Amino acid sequence: MRKNYVAVLDIRSSEITSVVGERGVNNTFIIKSKYTCAYDGYAEGELLDVNGFISAVSEIVRNTLTSASGIKTFYVGVPGEFLKLVNTDKVLTFQSAKKIHKSDLQTLGRMSAPPVEEGWRTIRHSCLYYVLSDKRKVIDPVGSVSDSVQGRFCFFKCANVFIDCLMEAFKKFREIQNINLIPMNFAEAMYLIEPENRDECAVLFDLGYISSTYSIVCGNGLLFSESFSVGIGHVAFYLMSELDIPYEVATTFLSTVNLNAKEKLSSQEECIFEGKTYSFSTVTLRDRIREGLDGICETIEECKQNFSGRNIDGKPLLITGEGVNTIRGTVDHISGRLVKNVEVTAPKVPYYDKPQFASLFSLLDTALGDAAK
């Protein structure tokens, strides 16, 4: 395999996707192969079917290795459900003013590391910003003259139980020599949000199928991130419970109802499943779907309340993930319910410029950056 290709594994809460790709012109990507496999997912920080997860990962890795020879490293995105974010703030002082070198920042990073915690492994860290002795806040202080440098860091810890399951899936592939873990909330924040928008904080919400993640982004890292086991699939489950219909019928109605449409009160929606016809008024379906989305909105509000670092009331909610386009009108409903500007963010890649591809291309972008180093 050409050295400028990377292999990535995007683990979402309903399916796993692998891609082998490289950097194209104008920051686009060239995809060599792509495979997707459905599985049971995860919730409450646990895989719902461990053996099913291991089998799904093994199958998709096997297909990837068959299509592209020479792969020795896999970059794996770690979902927010299996991550713990730790922020630290440390100062490195010098005897007198001096030019700051990269080695000084490495020393500051080691000083800032949080204590080792049983059951968790630090997989990545990043500095949101640095502060010099004259109170200037900078992203890269190398070359600046100062008698001190302060760093606000974020460390990402991954649950060992997730790593163990992943290693079990990979152990049969002896050609894979390295598995690099990348926090998905970090990758999405760095790829989807422009640096100038991160400088004064940005709010990113990844609406998944079973699990979603709410993050406060600042500079080159995260100030806050919280994942919760509620997603667009739970709206289907709510519809199923309220109307006493099969789950497959509920998911079909999610894709047919438009929350913004103005149908007549007599309008009906129909779905045929296993020879039986299910029919409900469009108004009834729309009201139940809105109630399901309200549960997601309430959880977003709880996440906002749990963050006390800065005032983010005026910040738009940047939304992405496979749940965004499942129900037409989702973004407008969330915006109205939260009384907040909600903006959809997605990869700026031809044919893949949709929110459901955000995690995959964020992971690919981060992996290519890591490989280049």
Side-chain angles (χ1 to χ4, degrees), residues 6-12 16 18-19 42 45 57 72-90 102-130 139-140 142 151-167 170 176-193 195 198 201-202 204 206 211 213-227 309 320 358-373:
V6 295
V8 302
L9 197 66
D10 181 27
I11 301 172
R12 301 294 292 178
I16 302 172
S18 73
V19 157
Y42 46 80
V57 172
K72 297 182 179 180
T73 298
F74 248 95
Y75 294 85
V76 180
V78 180
E81 291 264 0
F82 304 99
L83 292 172
K84 180 184 292 188
L85 176 67
V86 180
N87 287 112
T88 60
D89 199 326
K90 296 289 184 179
K102 185 177 180 180
S103 59
D104 297 319
L105 305 186
Q106 293 171 341
T107 299
L108 181 59
R110 290 192 293 270
M111 290 171 49
S112 303
V116 175
E117 189 173 357
E118 186 177 356
W120 297 85
R121 184 188 308 175
T122 299
I123 59 172
R124 197 180 191 96
H125 76 274
S126 177
C127 187
L128 285 68
Y129 55 81
Y130 297 93
I139 296 297
D140 184 6
V142 173
R152 183 70 184 271
F153 287 84
C154 59
F155 287 81
F156 297 91
K157 294 186 175 185
C158 179
N160 284 340
V161 290
F162 177 80
I163 297 176
D164 292 342
C165 291
L166 196 63
M167 294 303 106
F170 270 97
I176 303 298
Q177 300 174 3
N178 299 296
I179 297 175
N180 294 338
L181 304 178
I182 297 176
M184 276 313 312
N185 48 9
F186 173 80
E188 286 188 339
M190 296 301 105
Y191 175 65
L192 296 174
I193 306 175
R198 301 197 305 259
C201 284
L204 179 64
D206 183 333
S211 177
T213 301
Y214 176 95
S215 301
I216 308 296
V217 186
C218 181
N220 284 333
L222 303 184
L223 279 173
F224 175 87
S225 189
E226 189 169 322
S227 293
T320 195
S359 61
L360 179 62
F361 283 90
S362 297
L363 177 60
L364 184 57
D365 181 76
T366 303
L368 285 166
D370 286 359
K373 296 177 182 177

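Small disclaimer: the values here were computed from a predicted structure and weren't measured.
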Problem - CE on Met184 to OG1 on Thr213, rounded to 0.5 Å - result: 9.5 Å
Exercise for the section: State whether Trp120 and Lys157 meet the cation-pi test: NZ (Lys) or CZ (Arg) under 6.0 Å from the six-membered ring centroid, and within 45° of the perpendicular axis. Expected result: no
Practice task
Please tell me if the side chains of Asp365 and Met190 come closer than 4.5 Å, counting only heavy atoms from C-beta onward.
Solution key: no
Practice task
Indicate whether the side chain of Ser126 and that of Asn220 have a donor and an acceptor atom separated by less than 3.5 Å.
Solution key: no
Handout entry: Pairing residues for Phe82 by the ring pair (Phe, Tyr, Trp, His ring centres under 6.0 Å) criterion, not counting sequence neighbours
Key = Tyr42, Phe162
Exercise for the section: List the steps and the verdict of side chain to side chain contact (heavy atoms under 4.5 Å, CB included) for Thr73 and Val6. Expected result: CA-CA 8 Å; Thr73 298; Val6 295; over 6 Å; no
Handout entry: Backbone of Ser112 reached by a side-chain donor or acceptor of Thr88 within 3.5 Å
Key = yes
Problem - Asn180 side chain to Ile123 backbone, donor-acceptor under 3.5 Å - result: no
Problem - Between CG on residue Leu9 and CG on residue Leu360, distance to nearest 0.5 Å - result: 10.0 Å
Practice task
Flag yes if more than 12 heavy atoms outside Lys84 fall under 6.0 Å of its NZ atom; otherwise flag no.
Solution key: yes
Practice task
Start with the C-alpha distance between Phe156 and Leu222, add both sets of side-chain angles, then the distance that settles side chain to side chain contact (heavy atoms under 4.5 Å, CB included), and finish with yes or no.
Solution key: CA-CA 10 Å; Phe156 297 91; Leu222 303 184; 3.8 Å; yes
Exercise for the section: Show your reasoning for whether side chain to side chain contact (heavy atoms under 4.5 Å, CB included) applies to Leu166 and Ile11. Expected result: CA-CA 11 Å; Leu166 196 63; Ile11 301 172; 4.3 Å; yes
Problem - Approximate separation, where rounding is to 0.5 Å, of Leu108 CG and Phe153 CZ - result: 4.0 Å
Exercise for the section: Indicate yes or no: does Asp206 engage Arg12 in a salt bridge with an N to O separation below 4.0 Å. Expected result: yes
Fill in the blank from the handout: Distance col, row Glu81:CD vs Asn185:CG, nearest 0.5 angstrom, shows 11.5 Å
Exercise for the section: Can you measure from CG (Asn178) to OH (Tyr75) and round to the nearest 0.5 angstrom? Expected result: 8.0 Å
Exercise for the section: Please tell me if the side chains of Leu128 and Asn87 come closer than 4.5 Å, counting only heavy atoms from C-beta onward. Expected result: yes
Problem - Contact summary for Leu192 and Thr320, nearest pair of heavy atoms - result: CD1-CG2, 4.0 Å
Handout entry: Atom pair OG (Ser225) and CG (Leu85), whose distance is rounded to the nearest 0.5 Å
Key = 6.0 Å
Practice task
Determine, step by step, whether Asp10 and Val19 satisfy the side chain to side chain contact (heavy atoms under 4.5 Å, CB included) criterion, reporting the C-alpha distance in whole Å, the side-chain angles of both residues, the deciding distance to 0.1 Å, and the verdict.
Solution key: CA-CA 8 Å; Asp10 181 27; Val19 157; over 6 Å; no
Exercise for the section: Determine the interplanar angle of the Phe155 and His125 rings, folded into 0 to 90°, and report it as parallel if under 30°, tilted if 30 to 60°, perpendicular if over 60°. Expected result: parallel
Completion exercise
Looking only at heavy atoms, the pair that brings Cys127 and Gly151 closest together is SG-CA, 4.0 Å
Exercise for the section: Taking salt bridge (charged side-chain N to carboxylate O under 4.0 Å, His left out) as the test, write out the residues that go with Arg124, two or more places apart. Expected result: Asp370
